[in-house]
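First the structure, in the form of structure tokens, and then the observations on it.
All heavy atoms count here, side chains included; hydrogens, waters and symmetry mates do not. Given the structure is predicted, the values throughout are model-derived calculations rather than measurements.
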Amino acid sequence: VTYDVILLDWSLPDIDGVSVLRRWREAGLSTPVLMLTARGSTGEKVTGLRAGADDYLVKPFDFEELLARIDALHRRGLGTNASAQLGSVTLDAKRRTLVAGGKEAELTAREYALANELWTHAGDVLSRARLLSAVWGTDFDGLPNVVDVYVGYLRNKLEAIGATDIEIAAVRGI
């Protein structure tokens, strides 16, 4: 299972969150981690950040700030992989392109974010609401059919580079 962002509390029942985080980082986990805690001294913040936290939020916190920090970590996490392979197609994060058979299609930032979400969850059925939240953010107030429009853009670009082994399929009701 992969996660886009992890919220980790310092105070856990059997082991402290800092120890958990150190183990994750030693094991190679690169997922962005937001440390939540009531511990707010500068030394404690430094300890959490040096253990591998990407951000640190002291309780009590404003829920809107929490959502904004999650969105920011998620955006940063979108470009962590240099490239991802799916079938004959490479999704190149650095150049924001789809590449297959020597052909290349440039992607807009939104197209890339959508492709990254689909590549990350290849084979999974993702709801329109899930894609809206992941790509356009939790505060998006436009029409949900924007997902369909951008999926159409990706399908066209895949076709243009001859990527016949990749299919983005709609599942009725989802």
_With a sphere of 6.0 Å drawn around NZ of Lys59, does it hold more than 12 non-hydrogen atoms of other residues, nucleotides or ligands?_
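Atom NZ in Lys59 is packed in, count exceeds 12.
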*How about Arg23: does its CZ atom have over 12 heavy atoms from other parts shown lying under 6.0 Å from it?*
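Counting neighbours around CZ of Arg23, 12 or fewer heavy atoms of other residues, nucleotides or ligands fall under 6.0 Å, so no.
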*Should Leu131 and Leu143 be counted in the same cluster of Ile, Leu, Val, Met, Phe, Trp and Tyr side chains packed under 4.5 Å apart?*
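They do not share one cluster, since no chain of ILVMFWY contacts under 4.5 Å joins Leu131 to Leu143.
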*Establish whether Val146 and Leu107 are linked, either directly or via other cluster members, by ILVMFWY side-chain heavy-atom contacts under 4.5 Å.*
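Per the 4.5 Å side-chain linkage, Val146 and Leu107 are co-clustered.
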So, [X] side chain and [Y] main chain: donor-acceptor pair closer than 3.5 Å or not?
| X | Y | answer |
| --- | --- | --- |
| Arg128 | Val147 | no |
| Arg25 | Gly52 | yes |
| Ser133 | Ala129 | no |
| Arg22 | Ala51 | no |
| Arg110 | Val135 | yes |
| Asp16 | Trp10 | no |

*Test: Arg69 and Glu65 ion pair at under 4.0 Å*: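 Answer for the salt bridge query: yes.
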*asked:* How close do Pro32 and Leu73 get, counting heavy atoms only, and between which atoms?
replied: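 Nearest pair, atom of Pro32 first, then Leu73: CG-O, 3.7 Å.
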_Candidate list Leu66, Asp55, Leu57, test side chain to side chain contact (heavy atoms under 4.5 Å, CB included), partner Leu7, passing option_ =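 One option only clears the test, and that one is Leu66.
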*Straight-line distance of Leu21 CG to Glu26 CD, nearest 0.5 Å*: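 The distance works out to 10.0 Å.
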_Residue pair Gln85, Thr90: steps toward the side-chain hydrogen bond (donor to acceptor under 3.5 Å, both in side chains) verdict_ = CA-CA 4 Å; Gln85 189 74 32; Thr90 300; 2.5 Å; yes
